[in-house]
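Note on naming: letters A, B, ... go to the chains in the order of the sequence lines (proteins, then strands), and numbering restarts at 1 for each one. All values reported here derive from a predicted model rather than from experimental measurement.
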2 protein chains.
Amino acid sequence: MRISELAERTGVPVHTLKFYLREGVLPPGRATSRTSADYGDEHVERVRLVRALVEHGGVGLRGVRAIVGALESPPPSRHDLLGAAAAVIPTPAPRGPVDPEITGLLEELGWCTWSGAPALTALGDAVAAARAAGVPLDAATLRRYAAGMTVVAEADVDLALAAQDPAEAMRTVVVGTVLGDPVLVALRRLAQEAVSSRRQAAADAREDA
Amino acid sequence: MRISELAERTGVPVHTLKFYLREGVLPPGRATSRTSADYGDEHVERVRLVRALVEHGGVGLRGVRAIVGALESPPPSRHDLLGAAAAVIPTPAPRGPVDPEITGLLEELGWCTWSGAPALTALGDAVAAARAAGVPLDAATLRRYAAGMTVVAEADVDLALAAQDPAEAMRTVVVGTVLGDPVLVALRRLAQEAVSSRRQAAADAREDA
DNA sequence: TGACACCGGATAGTGCCACTCTCCACCATG
DNA sequence: CATGGTGGAGAGTGGCACTATCCGGTGTCA
């Protein structure tokens, strides 16, 4: 198909598609002449991926470029998969040292991670920011958070293991992680409401009794 | 203290503080003369809150203004607290209708939420985006996600109930929700790694046997 | 064959937003 | 009295995703 049809099918303006081509997040089509190229279903899929990452994942085009680059050359073995995925998932720049309390907590959980891992510094910074803003985020709460995220991570790993080939597993891990975050955030809001109203109902029942 | 000392204590440039004053996210100090004002510890706290929300919460100044406005006039009763908090927490604009599968899932969980709630549409859009990007996000996985987030939400509600006064509870809910998101995201990454390596170890052990 | 829209490619411009700088009159402090 | 910080307002900066303009070439239909 031509670029105009690609635009029509994806709902993305032609200008933006050209921009994506220039930025290297959309591979060029098979050139049929000097001034026209042929795009296939894989381009439609790619455009949808890019849009989802940008709009819902909050990923910049630099991050998208890294992700699609990794998806195009997936690691051969399942073992490196998670490392390769972690290397490609955009993470906030580290802002400060990690509180020893955090590393202690992770050790206690048996989550031995290489000190300096992006997710570790991100955790340290996020906890420090929350506390600086006045949230009483104690170790007990963090442990409960960790328990909840373990449930989530089990589901994540199962989803990745269900993939047929390494390329699909890679896509599931990377894209599922990035686009799964907003899903989890929304579920957290809904769960807060549900838990709160359940507690309220229980309190009312006690009051009536 | 004067604005320069406020800048020094918070590490935020004077120009930025003036900007925050203009944008209404930082209340003016007590004027001691026509060209000088006095700032207190509450200003230091507020600046730290604003920085945390902007830098780590990814909240824009418009959202920060809404949040600090709500924190200054907290609801009197605990009952409205969650509603008031939900109204103030920035949510992505709804992009499309919610898949009936999602609403069915929530009903099944007993999370009866007003159709059209921001968190509900956000969930629908996030799931739709993930699926459009090729992530096989099935209902079973969503159920597991919901289970994990229930654990998180229980911790959230307990944290809010531990607050002394409604104002502190409000701050804990709103700020804890916004700044808790990056904490959870980081924990998810670490949990994925931990779960994956645990599974790997188990598989190796089976192989050796 | 010729008109014409469309194609690719490159350059420049837009809008948003958080921040930063400039300028000014004024006052506190040495 | 001189200096420099202060409050206040406007304009400028930089990053980034996108959008518009322009160009020569080309497929297509009359």
With a 4.0 Å cut-off on N to O distance, would you call [X] and [Y] a salt bridge?
X	Y	answer
B:E72	B:R46	yes
A:E154	B:R199	yes
A:D156	B:R144	no
A:E45	A:R171	yes

Could you give the side-chain donor-acceptor pairs of residues 14-23 of chain A under 3.5 Å, partners two or more places apart or in another chain?
unit_1	atom_1	unit_2	atom_2	d
A:Y20	OH	A:R51	NH1	2.9

Just the rounded figure in Å: distance from [atom2] of [N] to [atom1] of [X].
X	N	atom1	atom2	value
B:L17	D:dT6	CG	C1'	13 Å
A:L26	D:dC18	CG	P	13 Å
B:F19	D:dG8	CZ	P	16 Å
A:L6	C:dC7	CG	P	11 Å
B:R30	D:dT6	CZ	C1'	16 Å
A:L21	D:dC18	CG	C1'	14 Å

Just to confirm, is there a sub-4.0 Å distance from OP1 or OP2 of C:dC19 to any side-chain nitrogen or oxygen of B:Y20?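 Looking at the OP1 and OP2 atoms of C:dC19, one of them is under 4.0 Å from a side-chain N or O of B:Y20.
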Do you know the tightest heavy-atom contact between A:R189 and B:D181?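 Scanning both residues, the minimum pair turns out to be NH2-OD2, 2.8 Å.
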Among residues 128-135 of chain A, which contact DNA chain D at a heavy-atom distance under 4.0 Å?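 Per residue number, the list is empty: none.
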Salt bridge (charged side-chain N to carboxylate O under 4.0 Å, His left out) partners for A:D41, two or more places apart: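 Result, salt bridge (charged side-chain N to carboxylate O under 4.0 Å, His left out) vs A:D41: A:R9.
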Check: B:A146 main-chain N/O paired with B:T150 side-chain donor or acceptor under 3.5 Å: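 Flag set: sc B:T150 to bb B:A146 pair under 3.5 Å.
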Any donor-acceptor N/O pair, A:R2 side chain to A:D38 backbone, under 3.5 Å: no
Those residues of residues 37-60 of chain A lying under 4.0 Å from DNA chain C by at least one heavy atom: A:A37, A:Y39
List the atom pairs, with distances to 0.1 Å, where a side-chain N or O of residues 119-126 of chain B and a protein N or O form a donor-acceptor pair under 3.5 Å, not counting sequence neighbours.
unit_1	atom_1	unit_2	atom_2	d
B:T121	OG1	B:P118	O	3.0
B:D125	OD1	B:G96	N	3.2
B:D125	OD2	B:R95	N	2.7

Where do B:V185 and A:M149 land on the side-chain contact (heavy atoms from CB on, under 4.5 Å) test, with the steps shown first? CA-CA 9 Å; B:V185 164; A:M149 298 324 281; over 6 Å; no
Between the protein and nucleotides 21-28 of chain C, list every N/O to N/O distance that falls short of 3.5 Å.
unit_1	atom_1	unit_2	atom_2	d
C:dC27	O4'	B:T35	OG1	3.1

